[in-house]
Amino acid sequence: MRWFARRCLFYVFAIWVALTLNFLLPRLMPGDPAGGVLARLSPSQIQANPGIIQTYRALLGGGNKSVWQDYIAYLHRLTHFNLGISTSNYPAPVSEVIGRTLPYSIALVGVAVLLAFIIGTGIGMIAAWKRGGTVDTVFVPALMGLGAFPAFFTALLCVYFFGLKLGWFPIQHAYASGLVPGFNWAFVASALRHGELPVLVIMAAFTGGWVLNMRTVMINTISEDYVAMAQAKGLKDRRVMTRYAGRNAILPPLNGFAAQFAGAVGGLVFVEYVFSYPGAGLTLQQAALGNDYPLTQGLLLVFAFAVIVANFAMDMLNFLLDPRVRAS
Amino acid sequence: MTVVEPTVIPGAQTEARETLVEVRDLRVAYGDVVAVDGVNLSIAAGEILGLAGESGCGKTTIANTVMQVLRPPAEIVGGSILFRGDDLVGRKPEELRKYRWRNVSMVFQSAMNALNPVMRVGDQFVDMMRAHEHISKDDALARAGELLDLVGIDRRRTRAYAHELSGGMRQRVIIAMALALNPELVIMDEPTTALDVVVQREILQQIKDLQEQLGFAVLFITHDLSLLFEVAHRIAIMYAGEVVEEAPAAELRNAPRHPYTSGLVSSFPPLRGPIERMTGIPGSPPDLASPPAGCRFHPRCPNCVPEESELHRLQTTVRPVLRNVGPSHRVACHLVEQQR
């Protein structure tokens with residue numbers, strides 16, 4: 001229980017740091033949103049409208065109050081999930097834009113990263129158990145090679161070959177045009193179909209790493225006495241591999257899973273861009289290009305939260321799976 | 001060092017007993033290194049056979065071979081292991097799986113790490129029992145509890161994880177596990193090495209009591225010869241992958257014939273009697289990748305001197321073989337052969 005309380009305290013702190021950095025970073029950069037707009041006006045226009053600078057400042061935030069007052073106001077707004085107004089989707093609030101795009105990304109990254117982990121550790125486990133076997137000599141190098149390409153590059157290749165040349169997969173958007181998002185079969189089927197290739201691309205980028213990671217840990221675990229004893233006990237080979245060696249070897253990769261989740265969110269931007277997938281990654285890219293500060297900030301905050309939540313989930317899982325963690 | 005006086009063991013006369021395991025001319029290699037080179041051993045039902053020797057002499061390899069858990073790159077390159085007359089070499093994997101633990105079980109070297117850290121102790125009993133017989137989980141757990149009782153551990157400890165037990169308790173758990181299926185032979189590979197002296201005593205006593213009570217045979221492997229004088233009926237001494245001497249425990253202690261055995265015996269002090277200078281054995285064991293020609297012990301042997309030219313020639317070129325020097329006492333030594 002003390003462990004649990006300590007972890008919770010840590011996460012509260014992590015969230016606070018994320019919030020505060022998110023507040024500070026834009027303010028540490030030179031210029032302000034109003035400055036961006038004003039720069040597009042000619043000096044004569046500004047001179048002709050005396051009050052215009054104050055008007056824009058009042059409209060777009062920032063300006064005359066102190067940083068502390070801003071900070072308090074910012075925290076206050078966050079408690080109401082008020083992230084401001086998106087300038088590039090004016091007058092839609094940031095929370096609405098995120099609410100519209102984030103579910104696609106969560107589904108995409110969640111499914112892809114989870115599948116990459118399960119398949120990767122599974123193959124790594126078998127490769128280590130039967131070292132020099134087919135899995136070890138064929139799958140491991142193949143997946144390693146695939147993982148060596150950056151995700152956006154694999155994405156481009158896939159779009160070209162499997163999408164354009166072979167026509168196996170739809171190459172862009174999250175669902176067929178003309179469909180209205182909702183819980184009906186036509187939409188869900190179309191959304192799944194459109195997700196296939198992006199999911200495969202993200203999996204290609206990450207599976208190899210898990211294979212190698214799991215294989216290394218597993219090789220060490222196999223030489224443990226409890227694995228030798230399990231074998232001596234006359235257990236079936238598969239049971240020794242899964243319940244004794246694999247079950248212990250999975251713990252270190254599991255701890256790395258949350259860290260990789262953060263990396264996957266970064267790669268998401270490129271993959272969504274290539275597939276014109278209307279998720280949070282593509283939105284972030286557009287927001288950054290369009291100087292949409294509130295939306296950029298809101299999205300970064302959401303990503304930071306996603307990583308923290310992933311870490312928390314892994315901690316809980318670790319707690320469930322490792323009795324030694326529970327004891328300490 | 002935990003030397004106590006040797007006790008007279010009721011099973012010392014093992015001549016009439018049925019042979020349980022017979023190892024014939026066994027050769028086990030790790031790639032090019034032959035770790036066990038032509039070993040002959042037999043274990044009678046209900047007997048405690050001690051196997052002693054320095055680290056790396058092939059003791060554990062023999063244990064793993066009898067248990068049939070050799071792992072690549074180790075492989076049997078010659079000889080046979082007979083269990084009740086049936087050769088284990090070349091048997092089907094599924095047959096060997098059933099043989100393990102049902103016929104021969106094993107208490108591992110550094111049994112401290114022999115329990116799965118993420119599984120409850122009871123579940124590790126259940127796993128093993130259900131691999132060998134049709135038994136419900138509840139019945140298996142109940143039996144695990146009884147077995148823990150047998151080794152003096154609270155039966156509620158089936159709920160415990162390994163890290164919640166002390167070293168001695170873990171060792172007892174493993175011993176209880178080893179006895180679960182009433183095997184005919186229990187291999188104990190350095191079962192007390194990782195424990196402190198007091199716990200070591202208790203565990204050793206427990207092993208002896210259980211053995212007398214249940215009558216299983218034991219292959220007791222250790223580098224600590226003094227331990228064997230306490231528990232073993234018969235002792236075999238290994239050097240560089242071969243057995244150099246084999247005799248009933250008391251005889252080996254009082255009248256060792258091989259110079260290596262004499263060296264081992266005199267490398268720990270007796271508790272009583274006059275203080276003598278301890279001699280030990282100079283030098284170190286040979287590299288098994290290129291063992292010395294002739295007698296493998298000759299580079300360290302005090303009796304191998306160039307002045308005795310004929311004997312020296314034999315010692316450096318011809319491998320000695322085990323020969324009887326008395327009833328159930330066998331030695332592989334040119335010097336002993338010459339003296340006969």
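Please read all numbers here as calculations on a predicted model, not as lab measurements. Quick note on labels: first sequence line is chain A, next is B, and so on, each numbered from 1.
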Portion of [X] that has a non-hydrogen atom of chain A nearer than 4.5 angstrom:
{"X": "B/Met128", "result": "both"}
{"X": "B/Arg71", "result": "side chain"}
{"X": "B/Glu164", "result": "neither"}
{"X": "B/Val118", "result": "both"}

Answer yes or no: does atom [atom1] of [X] have more than 12 heavy-atom neighbours from other residues, nucleotides or ligands under 6.0 Å?
{"X": "B/Tyr99", "atom1": "OH", "value": "yes"}
{"X": "A/Phe270", "atom1": "CZ", "value": "no"}
{"X": "B/Asp196", "atom1": "CG", "value": "yes"}
{"X": "A/Phe139", "atom1": "CZ", "value": "no"}
{"X": "B/Arg84", "atom1": "CZ", "value": "yes"}

On a heavy-atom basis, which atom in [X] and which in [Y] lie closest, and how many Å separate them?
{"X": "A/Ala232", "Y": "B/Trp101", "result": "O-CE3, 3.2 Å"}
{"X": "B/Arg100", "Y": "A/Gln231", "result": "CD-O, 3.4 Å"}
{"X": "B/His132", "Y": "A/Lys233", "result": "NE2-O, 2.7 Å"}
{"X": "B/Ala131", "Y": "A/Gly234", "result": "CB-O, 3.7 Å"}
{"X": "A/Tyr226", "Y": "B/Asn116", "result": "CB-N, 3.6 Å"}

With chain A, the option among B/Pro117, B/Pro72, B/Ser105 that has the most non-hydrogen atom pairs under 4.5 Å is B/Pro117
Pick from B/Asp127, B/Val69, B/Leu96, B/Asn64 with the largest number of heavy-atom pairs that fall under 4.5 Å of chain A: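 Counting heavy-atom pairs under 4.5 Å, the top option is B/Asp127.
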Max heavy-atom pair count under 4.5 Å with chain B, selected residue of A/Arg247, A/Glu224, A/Arg131: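 With the most close heavy-atom pairs to chain B, the winner is A/Arg247.
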A/Leu251 portion near chain B, given a 4.5 angstrom heavy-atom threshold: side chain
Enter the distance from A/Asp237:CG to B/Glu94:CD here, rounded to the nearest 0.5 Å. 10.5 Å
Rounded at 0.5 Å granularity, tell me how far CE in A/Met229 sits from CE in B/Met67. 9.5 Å
